[in-house]
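Chain naming here is simple, since letters A, B, ... match the order of the sequence lines and numbering starts at 1 in each. Keep in mind that what you see is a predicted model, and the values were worked out from it rather than measured.
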Amino acid sequence: MLAGNIRKLCAGAIIAAASCYVHADVPIDKITVLNLPPATPYRLYLSDMAISHFVDSKLMIIDGESLNVIGHVALGMTGHVTLTPDRSELLVSTAYMTKLNRGERIGQMDVYDATTLKLKAEISVPPKHSQSMPYRGKIRTSADGRLVMMQNSTPASSVTVVDRIAGKFVAEIATPGCWMIYVPQSVSDRFSTLCGDGTMLTVKLDAEGKPLERKKSAKFFDADDDALFTSGAQLDDSYTFVSFKGNVQTVNVAGDTAVAEAPWPLVTAAEAKAGWRPGGYQPVALHDKSGRIFVGMHPKGKEGSHKAPAKEIWAFDPASKKRIARVPGHHATVIAASRGDAPRVFAYSTDKSSLAVFDASGKLKHLKTAAPFGELATQLDVQ
Amino acid sequence: MLAGNIRKLCAGAIIAAASCYVHADVPIDKITVLNLPPATPYRLYLSDMAISHFVDSKLMIIDGESLNVIGHVALGMTGHVTLTPDRSELLVSTAYMTKLNRGERIGQMDVYDATTLKLKAEISVPPKHSQSMPYRGKIRTSADGRLVMMQNSTPASSVTVVDRIAGKFVAEIATPGCWMIYVPQSVSDRFSTLCGDGTMLTVKLDAEGKPLERKKSAKFFDADDDALFTSGAQLDDSYTFVSFKGNVQTVNVAGDTAVAEAPWPLVTAAEAKAGWRPGGYQPVALHDKSGRIFVGMHPKGKEGSHKAPAKEIWAFDPASKKRIARVPGHHATVIAASRGDAPRVFAYSTDKSSLAVFDASGKLKHLKTAAPFGELATQLDVQ
Amino acid sequence: MQWFDNFFEARSRRAAQSISRRSAVARLGKLLVGTAILLPVLPFDRIGKAIAAGKAKDKRNDDTACEYWRYCALDGFLCTCCGGSISACPPGTEVSKVTWVGTCHNPNDGKDYLISYNDCCGGVTCNRCGCNSNEGERPGYRMGVHNDINWCMANSSNSYHCTVAAVVGTAESTKG
Amino acid sequence: MQWFDNFFEARSRRAAQSISRRSAVARLGKLLVGTAILLPVLPFDRIGKAIAAGKAKDKRNDDTACEYWRYCALDGFLCTCCGGSISACPPGTEVSKVTWVGTCHNPNDGKDYLISYNDCCGGVTCNRCGCNSNEGERPGYRMGVHNDINWCMANSSNSYHCTVAAVVGTAESTKG
């Protein structure tokens, strides 16, 4: 009787459905699993701490043209993610507790295929990764993609080095009083990190990835008076930072010691008086081809306003150090820019979970805004 | 130098602060951990699946008078919770994956002290608990509190029995086509479960808690034509259910076979025509002392509207089977009532995350509403 | 699955006196439950999409809207908003081994279709385009048409990501 | 904690040329970091509460409002909304072993206080009364005053539930 009914029901799941198909206008589906579509220069990677359930943080992958979500990657407990230089893999610095919020803490680097989003490898590391908001600089690869550096905090600061090709943990390097990882593009044997005493520490690595030499730069900023945001925008061997009070500081990290250029102000004296300051979690972006930088700015800034969302986004020309555009800020706390031709600027608002898109080929031109994306996202990377 | 500064800073954390205290108007705090305050009859237990991160579900404990949240209990992956009859412990049927969303699935019953909310014990069980929305009936204790029955789904239905006093798993009992656990109060050696063929299955247990005998009742409902909501309101040995189309069905589960009373309608012919139906996840509550029942009702009901939020809450007198009150429904999907004197009815809205409180000593009188409570809660228990 | 051979099975079959469309569906659901669905390989035709392009304003033909006709008993997040499609799971997830079934009316051809609501499993929950439709849905005592449960329960990863709505057949012939 | 004895420590001390209040705070923070805080047992006086009763409309004295004076550098969920109090963790949680520190101005006595923002750890995240104030907050290179990080990181359970704001001293004497 049961079998009889099933045949009448014409269920493709149970019996061959060829005779059935003729009765229906909608064909029977084959359920499949998709790969990501081919990447465009506007593919976005949004890192979401999901603060209310941060044992279960996540990466959202978004098509920056349609603003459709095209995939997710599980980041574990406050995971941090970076792309390999060839964009073939996503690397995640994370941890798992065996019973969700208790039990053993398992530290590892998860490796995901960037096309299938399947987990390819799990590399065991000391369970010390920084359980913190996503920022660029919490995990970085060397320029050649072989070594992976991951920021730890116990809360003492250290950096874990993994050999991605060998698939193994290499070293844990003490970086007391310093934070975040900055890697040059012309050499692959070192990383730098910003220190609370206003310097940068550069750690040179041996062939294996173990620490060989550590050198501190001269002091170039004052964390008390005018701290630098740690999220810097990279171009080749240099990182461009902005400071709480609105100065631009570019630092070259290719040498044995980091070399800071002379800082310059984003704000005029009048703007400084009106309290215009950078703010947010990723306040500055840089377009590689033009060198232009884009900064989320808020007025009436003061001590403690450094995470305020942007009232405006300002664009600057690097050669003239002049502002070339100012547009409404869409409450942005995270700014990112695409590479190469036809640049676009993406402005994500942590508070509103919204994403605004600008054409950045000339002056900034707002194209569209969509929401919601994520729960508490603070890092946005572009393909 | 550092020590000197510290002394000047007068930090109680570092040195004895007696001499320091005289300079300050606000005393130095001792950081402690609270216990729950003494329970009132209005203490509420709200089970939240947290659908967007259901690996990390939770119980919120709320003071039903102030509507302050007074504590939380972690429920693991889609955990289900019940109180012991003496209200001394909270029992959680749950599972953990060793790596959050992969790895080994660990099944267990977690035991929490109901005053300190500390984890007291973890009892290993087969990893089969029903990963489903919280409903009363997913975990229940026998009347004497010794045996704990937990609903499984693989998706085949079975019931795990744990001896809470011995702290061990006892049995897994097949309950094919049946769902949810109903326990009598006059005997502690059996449970019943509602079956899709319109009957109730009663399983009698031996002294250990292993199945001794299974008996099915006569058919008393039709799951196709007028299904029963599985969340029933208990009074002694009987459960009062409502049906999708608005009939009341009381079933006594104390015997070897469950005995159903004659059903009666909540709705008049005119109300039925207007489509007034019960709806939600916990659509019916019962006040023990008066026997009155309270049902979340929506108009224009139809096939598929059975989870619709209440447009009104209706109160009925059990003896006369007459409606004695109808009040605005506050979008409720979950109704609960306190016990004993000075009854209150609590109406939680899954959509709005809001909680409305009514004085139920006479006709229903709205006292207050507050929000938000939880993310996707579907079960509310009262002390 | 052993439970389906249990001594109550024969009795419950006898207990069902009338063969309504819905109970037949419930049984189909029961059979699908616990079985890895091996769908036949058929031409992959997105007729719904094509129609949607023509009637953009009819949400019954917009597969990112809760009102889309195939979603009549879907409680969950739409894979079409999560990097999947109406019948494909997003990258990195896997198709649920077990499923619940709905019977939905297609306004375009006037026919009723059996829809398999396969969850896509693994990783995080998508949490976009949440829908809660319950036509023909029943409590867990009719497991094959129950949607208040995680249908990733039988996969190696129990994480729920989103839900697809695949046509698995037509319910037409049981109407008589 | 071994890193604090590292070869860079002495150098970084020398590098700090001026002793501002804030840098002193940063150092205190650094010392508190990695140390289980053993607070002295003093009379438990909820002066904030008492004042709040009198000036109900001043959010600077309402310990369930983000504007409460002690919360000037608190980024997280208020334990006062989660079953705890201004200096007590909710039931079932444990006090964080490490902490960050803020310097907040008390409008009632005109003095600046050092506030220890201890996270309460274990179980689920409370997710009520989220606040994000950052006075004196600095990036992770000044870890003792950094609040974009989980201060339950050194506990046996790393789960973050909510944050208390305990007075640990006055910052007055460093003003000169």
Q: Scan C:C79, C:C82, C:C89 and name whichever one has a disulfide (SG to SG under 2.5 Å) with C:C120.
A: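 In the set C:C79, C:C82, C:C89, the residue that makes a disulfide (SG to SG under 2.5 Å) with C:C120 is C:C89.
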
Q. Does C:E94 use its side chain to pair, donor to acceptor, with the backbone of C:C121 at less than 3.5 Å?
A. no

**Q.** Part of B:M77 within contact of chain C (heavy atom distance under 4.5 Å)
**A.** side chain

Q: Measure B:T193 against the heavy atoms of chain C and call it side chain, backbone, both or neither at under 4.5 Å.
A: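 No part of B:T193 comes within 4.5 Å of chain C.
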
Under a 4.5 Å heavy-atom cut-off, does chain B meet the side chain of [X], its backbone, both or neither?
{"X": "C:S133", "value": "neither"}
{"X": "C:Y160", "value": "both"}
{"X": "C:D75", "value": "side chain"}

Q.
Restricting to side chain to side chain donor-acceptor pair (under 3.5 Å), what partner residues turn up for B:D225, sequence neighbours left out?
A. B:K245

Q: State yes or no: are the ring centers of B:F244 and B:F229 separated by less than 6.0 Å?
A: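 Yes; B:F229 has its ring centre under 6.0 Å from that of B:F244.
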
Q.
Counting heavy-atom pairs closer than 4.5 Å to chain C, which one of B:E104, B:R105, B:M180, B:K302 comes out on top?
A.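 Greatest number of close heavy-atom pairs with chain C: B:R105.
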
Q) Which of the residues B:N101, B:T230, B:L228 is involved in the greatest number of heavy-atom pairs with chain C at under 4.5 angstrom? A)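 Of B:N101, B:T230, B:L228, B:N101 has the most heavy-atom pairs under 4.5 Å with chain C.
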
Q: Decide, based on the SG atoms alone, whether C:C162 and C:C81 are under 2.5 Å apart.
A: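 Their SG atoms do not fall under 2.5 Å; no disulfide, then.
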
(Q) Checking B:K99 now: which residues fulfil salt bridge (Lys or Arg N to Asp or Glu O under 4.0 Å) with it, not counting sequence neighbours? (A) A:E122

Q: Just give me the residue among C:S157, C:G140, C:G130, C:A154 that pairs up with chain B most often, heavy atom to heavy atom, under 4.5 Å.
A: C:G140

